[in-house]
Amino acid sequence: MNVDVLSNRLGVDIEPQLLELALTHRSYSYENGNIPNNERLEFLGDSVLGFVVTAHIHDLLTDLPEGELTKVKNAVVSATALSEVASKLGLGEFLRLGKGEDQTGGREKPNLLADAFEAILGAAYVSQGLDAAEGIIRRFVFPLLEDTDSLRANSDPKTTLQERTQAEAKAPPVYETSHDGPDHDRTFMSQVSIDGKIVGSGVGRSKKLAETQAAIDALAKLPKLKKKK
C-alpha cells in the first residue's frame with residue numbers, strides 16, 4: 001500500500017503506520033490474526049469532525065436557530081455526505097479489507113467509506129494534532145456547506161421527499177423494492193411512485209440504500225412534477 005499517495009491527496013503528513021491503521025477494516029483484522037483495526041481511530045475522528053463542523057456552522061450560519069443548525073450538522077457528518085468525500089479522495093482503493101468484504105463491493109459501500117474517512121481524521125489528530133485534522137475537514141468537508149438545502153436533502157432523502165410531496169398536496173411516496181443474487185451478494189432495486197407514477201429508481205447492496213437512491217433520483221425530478229388537482 002502506497003500511503004504516500006493518499007497523504008499527498010489529503011495534504012497532511014500522517015505517520016504511515018497510523019494511516020494504514022485508519023484504512024484497516026475489521027474484516028481484514030479478523031483474517032489476519034485479529035490485528036488492530038480502525039474502529040478506535042474512527043471513534044476519535046467522529047468526535048473531532050463533530051466539534052470542528054459544529055464550531056464552523058455556528059459562526060457561518062448566524063441566522064439559523066439551534067434546531068436548524070443541528071439538521072445542517074447532522075447532514076454534513078452523515079454517512080451519505082462523508083462517503084461522497086471519501087469517494088472523491090479515492091479511499092476505496094487504499095482500504096485493507098478481508099477477502100469476503102472485498103468481493104462483495106466493500107470498497108464502494110458508503111458506511112465503510114465514511115468510517116474510514118473518520119478514522120483518517122483520528123489518525124491526523126494523533127499524528128499532527130487538531131490543526132491537521134481540521135485542515136482536512138476544511139478542504140474536503142466544508143465545501144459541502146455551499147449548498148445546505150441539497151446537503152440536507154441528500155442526508156435524509158426519503159424524509160425530504162415525503163415532506164415535499166406533502167407540501168405539494170401529493171400522496172405519500174410508495175416504494176417497491178426487489179432483489180437479485182444469492183444471499184451473500186444481493187443487489188436491491190427500488191422504484192418510488194407518487195400518485196401512482198414512478199418518479200425515481202435506485203440500486204444498492206441493501207434495501208435501505210436502494211430506496212435512498214430512489215428518493216434522491218425522485219428529488220432531482222420533483223420540480224418537473226405537476227401538483228395534483
Side-chain angles (χ1 to χ4, degrees), residues 9-12 42-89 91 110-111 113-122 124-125 128-173 175 192 194-195 199-200 202 208-209 211-228:
R9 292 181 189 176
L10 293 167
V12 174
E42 175 199 338
F43 169 79
L44 177 61
D46 176 72
S47 296
V48 172
L49 175 66
F51 167 72
V52 173
V53 168
T54 298
H56 180 65
I57 62 175
H58 172 269
D59 295 338
L60 178 68
L61 307 175
T62 56
D63 295 332
L64 291 185
E66 182 269 341
E68 291 302 309
L69 288 174
T70 298
K71 289 181 181 179
V72 173
K73 178 206 168 185
N74 290 342
V76 173
V77 302
S78 69
T80 300
L82 296 183
S83 66
E84 292 179 3
V85 172
S87 294
K88 290 178 181 178
L89 279 166
L91 286 193
N111 285 343
L113 288 170
D115 291 348
F117 181 75
E118 289 182 332
I120 285 174
L121 295 179
Y125 177 84
Q128 299 291 339
L130 181 60
D131 287 347
E134 183 174 351
I136 296 174
I137 296 168
R138 286 185 175 278
R139 280 190 292 276
F140 299 104
V141 178
F142 283 4
L144 298 175
L145 290 163
E146 294 175 2
D147 187 352
T148 55
D149 289 337
S150 176
L151 179 64
R152 279 183 283 183
N154 285 337
S155 69
D156 190 1
K158 291 182 68 175
T159 298
T160 301
L161 179 61
Q162 182 165 335
E163 290 174 348
R164 291 183 64 177
T165 54
Q166 288 176 343
E168 296 185 14
K170 299 178 182 297
Y175 295 85
V192 57
I194 297 175
D195 291 335
V199 294
K208 180 179 179 180
L209 183 56
E211 291 182 354
T212 296
Q213 293 301 321
I216 291 173
D217 186 38
L219 284 168
K221 300 172 181 176
L222 191 59
K224 301 177 183 179
L225 301 177
K226 297 179 180 180
K227 289 186 178 182
K228 182 178 180 180

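No experiment lies behind these values; they were computed from the predicted model shown. Residues: numbered from 1 along the sequence shown.
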Give the intermediate values and the outcome of side chain to side chain contact (heavy atoms under 4.5 Å, CB included) for residues K208 and T212.
CA-CA 6 Å; K208 180 179 179 180; T212 296; 4.3 Å; yes

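- To the nearest 0.5 angstrom, E84 atom CD is 11.0 Å from L113 atom CG.
- A donor-acceptor pair under 3.5 Å links the side-chain atoms of D195 to the main chain of A171, judged by distance alone.
- A75 and A81 get closest at one heavy-atom pair: O-CB, 3.3 Å.
- Applying the salt bridge (charged side-chain N to carboxylate O under 4.0 Å, His left out) definition to pairs two or more places apart or across chains, those involving residues 128-146 are E134-R138.
- Minimum heavy-atom separation, L44 to G122: CD2-O, 3.8 Å.
- Between V192 and E211, every side-chain heavy-atom pair lies at or beyond the 4.5 Å cut-off.
- Under the 4.5 Å side-chain criterion, counting only non-hydrogen atoms from C-beta, H56 is in contact with L145.
- Considering only heavy atoms from C-beta on, T165 stays 4.5 Å or farther from P172 through its side chain.
- Counting heavy atoms from C-beta outward, L91 and V85 have side chains that stay 4.5 Å or more apart.
- Using a 4.5 Å cut-off on side-chain heavy atoms (C-beta onward), N111 and S83 make no contact.
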Candidate pair I194 and L161, rule side chain to side chain contact (heavy atoms under 4.5 Å, CB included), full reasoning:
CA-CA 10 Å; I194 297 175; L161 179 61; 4.1 Å; yes

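- Side chains of L82 and F140 form no contact here, defined as non-hydrogen atoms less than 4.5 Å apart.
- Contact detail for P157 and L219: the closest heavy-atom pair is O-CD1, 3.8 Å.
- Remark: the T70 side chain and the E66 side chain contain an N/O donor-acceptor pair separated by less than 3.5 Å.
- Taking each heavy atom of E118 and V77 in turn, the nearest pair found is OE2-O, 4.5 Å.
- Contacts of I137 classified as side-chain contact (heavy atoms from CB on, under 4.5 Å), with partners at least two apart in sequence or in another chain: V48, L49, V52, V53, L121, V141, F142.
- Interatomic distance, OG1 of T54 versus CG of D59, reported as 11.0 Å (0.5 Å rounding).
- Annotation: the span from S47 atom OG to E42 atom CD amounts to 10.5 Å, rounded to 0.5 Å.
- Residues satisfying the ring-ring contact (aromatic ring centres under 6.0 Å, His included) test with F43, not counting sequence neighbours, are none.
- For the pair Q162/Q166, a side-chain contact is recorded, criterion being any heavy-atom separation below 4.5 Å from C-beta on.
- For the pair F117 and A86, the tightest heavy-atom approach, listed with the atom from each and the gap, is CB-CB, 4.4 Å.
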